[in-house]
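Note sheet for the following structure.
Throughout, protein chains are lettered first and strands after them, A, B, ... in sequence-line order, and every chain is numbered starting at 1. Below, each value reflects all heavy atoms present in this structure, side chains not excepted, and no hydrogens, waters or symmetry copies.
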Protein chains: 2
Amino acid sequence: MGMNVRTLCLSILYFQEATGYEIRKLSTEGRFSHFVDASFGSIYPALGRLEQDGLVTSREETQIGKPARKIFSITEAGRQTFIEELNQPPSQDVFRSEFLMIGMCAELVDAPRIAAAIETRLGQLDAELEHITSVLEDCEHPGTRWVCEYGLHCISSSKDYLTKNRARLEAIAEQAAAARDAAE
Amino acid sequence: MGMNVRTLCLSILYFQEATGYEIRKLSTEGRFSHFVDASFGSIYPALGRLEQDGLVTSREETQIGKPARKIFSITEAGRQTFIEELNQPPSQDVFRSEFLMIGMCAELVDAPRIAAAIETRLGQLDAELEHITSVLEDCEHPGTRWVCEYGLHCISSSKDYLTKNRARLEAIAEQAAAARDAAE
DNA sequence: TAGGCCATGTAACCGGTTACATGATTAG
DNA sequence: CTAATCATGTAACCGGTTACATGGCCTA
């Protein structure tokens with residue numbers, strides 16, 4: 001399956017009607033934010049194509065004092081398409097980390113900068129933990145809960161390791177700096 | 001910093017001279033494969049631009065029975081640029097998982113398909129563990145070793161959790177199927 | 001009164017992939 | 001004889017981001 005904005009829209013609309021604006025909120029803050037962080041520039045065109053292809057329909061709702069909303073609903077064809085995609089074996093996870101690149105090149109970075117990078121990374125992990133916790137708090141959906149708990153486990157395990165082993169990484173930078181000093 | 005192919009090339013050339021072909025090998029199989037999985041179509045243009053910008057130089061080496069190789073070396077300006085990039089605080093990791101999407105929608109998938117998806121995922125994790133282990137075996141570089149050990153920890157922790165908690169996910173699919181049957 | 005939220009959409013750009021083009025050597 | 005490995009490079013395409021365009025309401 002293609003973990004793209006199109007599929008993201010379909011996955012959200014499977015469970016609820018939504019506007020493009022709401023889909024973006026769900027994808028950046030809500031229970032779908034583990035997968036994609038889609039922007040308006042990709043969501044609106046994706047919804048347009050989905051409608052052309054007959055996988056969703058839309059109706060407009062005028063509001064007083066607010067812009068009109070265009071509410072999208074999934075069609076039966078859309079449901080079928082999404083379920084077919086779900087039944088494909090999952091492709092490999094994508095993981096890209098600048099922090100690991102810095103870690104790998106620790107010898108080239110000042111010791112305090114390495115410490116700062118670790119601090120930044122720990123902060124990011126904390127923010128992710130907090131976010132998942134808040135999703136869990138007001139979500140009864142069993143699949144989502146399972147995924148959140150899995151995420152919580154992985155991230156806190158990663159945080160633990162980093163906390164306990166950061167000194168070894170910082171030592172690499174310090175030793176390299178000392179070796180450079182000695183060479184002068 | 002921008003974890004793009006340009007930076008990948010710079011990071012490799014910081015430690016060794018290399019051809020475009022070798023950079024691709026390193027990025028898909030070697031010790032750099034945790035970050036990017038770059039293709040020729042992005043590497044060769046990136047090297048060209050890097051040379052234009054004076055961050056790398058190249059010399060050609062003709063070989064008997066093989067095509068000529070274009071060997072790239074980093075310049076002093078290239079070294080400086082890379083170190084400056086390394087000293088920037090790391091941006092958030094990127095993580096995209098089709099498996100988690102399937103898990104979140106477990107209720108919509110046949111129980112045997114969920115089991116198959118878990119099996120696929122476990123296989124991917126095993127492959128990653130094996131790959132990192134093989135990198136560790138013939139690499140003495142301390143930063144790389146630290147990163148590999150970190151990766152090993154995170155992936156085996158993820159694998160453990162999945163092995164121990166897969167039944168709960170499979171149960172979601174089974175219960176949903178049972179509920180659908182009862183509704184008929 | 002400044003900034004954030006609601007709400008839709010387009011256009012320019014960018015960083016990548018895939019496929020194509022070429023061609024000799026070597027191992028199975 | 002076939003497929004893989006070595007080796008470079010281009011062109012078409014694609015899926016996304018960022019910025020722009022518009023505009024009213026509400027809150028600090």
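- First and last contacts of DNA chain C with chain B, using any nucleotide atom under 4.0 Å from a protein heavy atom and ordered 5' to 3', fall at C:dG16 to C:dT25.
- Using a cutoff of 4.0 Å between basic side-chain nitrogens and carboxylate oxygens, B:Glu119 and B:Arg113 are not scored as salt-bridged.
- Within residues 14-32 of chain A, the residues having any heavy atom under 4.0 Å from DNA chain C are, by residue number, A:Thr19, A:Gly20, A:Tyr21, A:Lys25.
- Here the side chain of B:Ser158 pairs no donor or acceptor atom with the backbone of B:Cys154 at under 3.5 angstrom.
- Contact annotation: B:Gln63 side-chain N/O to D:dA7 OP1/OP2 distance is under 4.0 Å.
- Aromatic ring orientation, A:Phe82 versus A:Tyr14: tilted (interplanar angle from 30° to 60°).
- Using a cut-off of 4.0 Å between Lys/Arg side-chain N and Asp/Glu carboxylate O, B:Asp37 and B:Arg24 are scored as not salt-bridged.
- Through direct or relayed side-chain contacts under 4.5 Å between Ile, Leu, Val, Met, Phe, Trp and Tyr, A:Phe40 connects to A:Tyr21, A:Tyr44.
- A cation-pi arrangement is found for A:Arg31 relative to A:Phe15, the charged atom lying closer than 6.0 Å to the ring centre and inside a 45° cone about the ring normal.
- A salt bridge links B:Lys159 to B:Asp126: at least one charged side-chain nitrogen sits closer than 4.0 Å to a carboxylate oxygen.
- Between B:Leu169 and B:Gly103 the shortest heavy-atom distance is CD1-O, 3.6 Å.
- Both A:Pro45 and A:Arg69 lie close to DNA chain C; mapped to their nearest nucleotides by heavy-atom distance, the more 5′-ward contact belongs to A:Arg69.
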